[in-house]
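Step one of this worksheet: look at the structure below.
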Amino acid sequence: MTSATIVTAAMLAIGDELLSGRTKDKNIGHLADMLTMVGIDLREVRIVADEEQAIVEAVNALRSRYDHVFTSGGIGPTHDDITADAISKAFGVECIHDPNAMELLGAMYARRGMEFTDARKRMARMPIGARHIPNPVSTAPGFAIDNVYVMAGVPQVFQAMLDSLLPSLTTGTPVLSRTVRSPHGEGDIGAPLAEVQKNHPDTSIGSYPKFDGRSFSTDIVIRARDAGVLAAAEADVAAMIEAISRSRQNT
């Protein structure tokens with residue numbers, strides 16, 4: 001077995017509209033899918049309101065605990081878009097109108113024949129020294145400071161920013177997975193499956209019940225970073241299912 005590199009991440013979704021239910025979040029699932037593909041473990045997700053201190057506290061807690069922290073929401077042109085200010089406060093630096101962001105946005109609005117208002121200039125604000133995250137959809141960049149990556153809440157823009165960002169990130173060993181379908185319900189496989197998990201500590205084994213209207217079955221998902229470890233656990237799960245089936249046939 002080769003040594004696996006584990007890189008961890010957290011997500012902070014920001015916005016009163018998420019907590020009220022007015023907006024249904026689509027970014028968490030997308031981020032989880034993309035991080036899994038490149039070998040980054042999403043370990044925690046938090047949702048906070050548009051409150052500066054809540055954002056500051058969450059960012060500082062997460063950035064000290066995980067390799068990467070991704071945020072969504074709160075970098076638009078309105079008064080309640082306070083993420084840039086909160087991130088600046090979390091890092092103890094000034095929040096400024098970034099000159100390069102101002103140039104990008106100014107040129108974009110000039111091409112469209114629109115006034116570059118003070119409200120629109122808010123989208124150029126970020127902590128001093130922050131790095132841009134490109135936004136190929138609507139120009140206004142996200143930004144990164146240390147291990148925190150601040151992106152828009154609009155799903156199309158969030159996804160485009162993430163696509164721009166991922167190639168530059170430190171990643172780990174991807175997690176491999178196999179699904180074994182069991183014709184038995186969780187009540188039948190619970191104890192022996194726990195024993196399989198105990199015998200394969202370098203895997204994560206989850207069970208997901210299904211009901212087709214007549215009977216229960218279970219999808220058993222095995223995850224590991226090493227193909228050999230995964231195969232050994234898969235074989236034991238299959239043997240466990242076969243043993244249960246034989247036992248039931250003999251009763």
Measure across [X] and [Y] and return the closest heavy-atom pair with its distance rounded to 0.1 Å.
X: A9; Y: I40; answer: CB-CG2, 3.6 Å
X: V229; Y: A224; answer: CG1-CB, 4.1 Å
X: I241; Y: I220; answer: CD1-CD1, 4.2 Å
X: A10; Y: L62; answer: CB-CD2, 3.8 Å
X: N60; Y: A90; answer: OD1-O, 3.2 Å
X: M151; Y: I75; answer: C-CD1, 3.6 Å

**Request:** Check the pair I145, V93 against side-chain contact (heavy atoms from CB on, under 4.5 Å), reporting the backbone distance first and the verdict last.
**Result:** CA-CA 11 Å; I145 178 169; V93 298; 4.3 Å; yes
Are the side chains of [Y] and [X] in contact, using a 4.5 Å heavy-atom criterion?
X: Y66; Y: R43; value: yes
X: E195; Y: N199; value: yes
X: V196; Y: I205; value: yes
X: S72; Y: F158; value: yes
X: I96; Y: I128; value: yes
X: N135; Y: V157; value: yes
X: K89; Y: Q53; value: yes
X: L31; Y: M34; value: no

Can [X] and [Y] be counted as an ion pair, charged N to O under 4.0 angstrom?
X: R225; Y: D41; result: yes
X: R125; Y: D85; result: yes
X: R65; Y: E44; result: yes

**Atom CD of E103: over 12 foreign heavy atoms under 6.0 Å** = no
**Prompt:** Given the rule in the side-chain contact (heavy atoms from CB on, under 4.5 Å) test, do F70 and L162 qualify, once you have shown the distances and angles that lead to the verdict?
**Reply:** CA-CA 9 Å; F70 303 88; L162 186 61; 4.3 Å; yes
Could you tell me the separation between the [atom1] atom of [X] and the [atom2] atom of [Y], rounded to the nearest 0.5 Å?
X: N147; Y: T8; atom1: CG; atom2: OG1; answer: 9.0 Å
X: R63; Y: D146; atom1: CZ; atom2: CG; answer: 6.5 Å
X: M11; Y: H30; atom1: CE; atom2: NE2; answer: 10.0 Å
X: K210; Y: S215; atom1: NZ; atom2: OG; answer: 11.0 Å
X: I189; Y: H184; atom1: CD1; atom2: NE2; answer: 8.5 Å
X: T71; Y: I14; atom1: OG1; atom2: CD1; answer: 4.5 Å

Looking at [X] and [Y], would you say the former's side chain and the latter's main chain have a donor-acceptor pair under 3.5 Å?
X: D219; Y: Y208; answer: no
X: S217; Y: P183; answer: no
X: R122; Y: D81; answer: yes
X: S177; Y: R223; answer: no
X: E186; Y: F216; answer: no

**Message:** Would you call the rings of Y109 and F116 parallel, tilted or perpendicular, taking 30° and 60° as the class edges?
**Reply:** parallel
Same cluster for [X] and [Y] if Ile/Leu/Val/Met/Phe/Trp/Tyr side chains link at under 4.5 Å?
X: M123; Y: I82; result: no
X: F143; Y: L104; result: no
X: L165; Y: V154; result: yes
X: L166; Y: V137; result: yes
X: V45; Y: M161; result: yes

**Request:** Step by step, work out the side-chain contact (heavy atoms from CB on, under 4.5 Å) result for V237 and I222.
**Result:** CA-CA 9 Å; V237 168; I222 310 159; 3.8 Å; yes
**Asked** Do the ring centers of H68 and Y149 come within less than 6.0 Å of each other?
**Response** yes
**Message:** Under a 3.5 Å threshold, yes or no: a donor from one side chain and an acceptor from the other, between H132 and N100?
**Reply:** no
**Request:** Might you work through the side-chain contact (heavy atoms from CB on, under 4.5 Å) test for V48 and L12, ending with a clear yes or no?
**Result:** CA-CA 7 Å; V48 298; L12 179 65; 3.8 Å; yes
**Message:** Test salt bridge (Lys or Arg N to Asp or Glu O under 4.0 Å) on D16 and R22; report intermediate values, then the result.
**Reply:** CA-CA 9 Å; D16 294 342; R22 189 168 63 254; over 6 Å; no
